[in-house]
Amino acid sequence: MIIKNASVLGQEGVLERKHIVVLDGVISKILDAAEALDEAGEIIEAEGKLLIPGLIDMHVHLREPGFEHKETIETGARSAAKGGFTTIACMPNTRPVTDSAEIVQLVKDKAREAGLVKVLPYAAITKNELGLELTDFAALKEAGAIGFTDDGVGVQSAQMMKDAMKLAAGLDMPVIAHCEDNSLVEGCAVAEGTFADKHGLKGIPNESEAIHVGRDILLSEATGVHYHVCHVSTEQSVRLIRQAKQIGIKVTAEVCPHHLLLSEEDIPGMDANWKMNPPLRSRRDVEACIEGLLDGTLDIIVTDHAPHSAEEKAKGMQLAPFGIVGFETAFPLLYTAFVATGKWDLSLLVQRMTADPARVFRLNTGSLAVGAPADLTLIDLNEEKEVDPATFASKGRNTPFGGWKLKGWPVKTWVDGRAVWSEV
Ligand code: DOR
Ligand code: ZN
Ligand code: ZN
């Protein structure tokens with residue numbers, strides 16, 4: 001296959017016109033568009049479109065097994081492909097929880113049957129994510145888990161977290177943490193701030209996240225484990241991670257598009273499509289997250305794709321489950337808000353969604369180079385389109401971004417040289 005006349009990001013972040021030749025699922029040649037082309041194969045004309053390494057999303061919920069009414073591995077993987085993602089890492093808060101080798105294997109089998117994007121399973125830190133008993137880390141690693149996390153809930157006991165980190169360090173595996181102190185958030189649906197005040201709600205305080213970040217940084221220092229912080233949303237967490245990196249502690253972190261784009265002041269009313277955990281925080285927190293992403297304190301962008309059914313979300317702000325979908329809006333949202341406005345370089349956005357997650361989690365993908373797997377995404381930077389949740393490939397339609405006019409839509413996605421989504 002030859003992708004002709006694509007715009008690709010060059011060394012200095014400038015766009016260059018190239019022909020990309022793919023052979024046996026691998027990028028075999030990158031030719032200057034001016035060079036003579038004597039290769040045979042399927043030709044894809046990409047004139048005027050951006051070709052980037054396939055996007056990587058290291059934090060997603062695919063809901064299978066157990067919650068197939070919200071999403072399945074197949075529908076989630078298709079939604080990911082449509083959003084331009086070629087590798088995704090799925091969270092273990094399924095039913096049963098992914099806390100045994102058997103469920104890790106089941107996730108891998110379902111992903112292979114779906115035959116769409118690369119699906120990397122996380123396994124739980126504690127059995128049933130109850131925080132009471134560690135899982136069998138060695139067996140889970142052996143089965144193919146790529147890290148340990150109780151995402152959905154925080155590990156409440158510091159001793160339990162320390163034991164987990166010691167074990168993970170010994171196996172050269174990362175610990176990935178949903179940071180939340182339960183004693184500070186009981187009964188809360190939104191963050192402290194103007195929205196909570198206006199509606200007479202008790203708000204989630206910033207410390208509920210940052211207390212765990214601070215605790216776990218100290219435990220990471222003590223155990224030497226690679227500690228990765230989930231969905232950073234507060235100024236205080238960014239500050240703690242920045243300081244920890246400065247003194248050489250092995251900590252990395254992620255941030256979601258919604259925490260870079262929305263504050264609690266933007267919540268229009270008691271609509272559960274604006275309910276996620278961590279919640280939308282203050283404008284000041286949003287600014288701190290953006291600054292953290294720009295200076296590398298926050299290493300990567302993830303969606304925390306969290307599909308729920310319309311019925312579940314209709315229960316209202318207080319009772320509905322936390323979470324919003326993310327695959328099919330992530331890149332266009334960030335491109336439109338930050339790149340098209342001239343605030344960020346395109347190369348920064350692409351790096352935080354490709355090369356950086358590959359570096360942090362040591363994945364063999366995420367670069368557009370000869371010899372790399374042909375995990376590729378083609379993007380139309382010009383056509384403006386409205387977000388229409390009814391057209392999502394995901395079963396979930398729970399997004400606060402419906403109706404937003406965006407540019408930067410993925411139009412074709414390849415995994416190991418095979419087209420898994422195409423609109424052209
Ligand atoms: O918003 C969220 N949704 N946050 C979480 O921590 C869990 C996730 C889910 O599983 O729905
Ligand atoms: Zn979480
Ligand atoms: Zn999550």
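Just the heavy atoms: all of them, side chains too, but no hydrogens, waters or symmetry mates, feed the values below. Whatever order the structure lists them in is the order used to number ligands and atoms, beginning at 1. Note that the structure is predicted; figures quoted are calculated from it, not measured.
Relative orientation of the Phe331 and Tyr335 rings is parallel, given thresholds of 30° and 60° on the angle between their planes.
Side chain to side chain, Asp151 and Asn93 fail the donor-acceptor criterion of an N or O pair below 3.5 Å. Under the 3.5 Å distance criterion, with hydrogens and angles disregarded, no donor-acceptor pair is assigned to the side chains of His258 and Asp304. Side-chain contact check for Asp299 and Thr252: no donor-acceptor pair (N or O, by modelled atom type) lies under 3.5 Å. No hydrogens or angles considered: nothing links the side chains of Thr135 and Asp99 as a donor-acceptor pair under 3.5 Å.
Among protein heavy atoms, the minimum distance from atom 3 (N) of ligand 1 is reached at Phe322 O, 3.2 Å. Residue, atom and distance of the protein heavy atom nearest to atom 4 (N) of ligand 1 are Asn277 O, 2.8 Å. Remark: minimum distance from atom 11 (O) of ligand 1 to any protein heavy atom is reached at Arg63 NH2, 2.7 Å.
Among the atoms of Cys230, no N, O or S atom is found under 2.8 Å from the Zn ion (ligand 2). In summary, His178 places no N/O/S atom under 2.8 Å from the Zn ion (ligand 3), failing the contact criterion.
Screening Glu192, Glu287, Glu209 against Arg281 for a salt bridge (Lys or Arg N to Asp or Glu O under 4.0 Å) leaves a single residue, Glu209.
Using a 4.0 Å cut-off between heavy atoms, His308 contacts ligand 1 through its side chain alone, with no backbone atom that close.
Around the Zn ion (ligand 3), the two atoms OD1 of Asp304 and NE2 of His61 are separated by an angle of 90°, to 10 degrees.
Of all N, O or S atoms in Asp151, the one lying closest to the Zn ion (ligand 2) is OD1.
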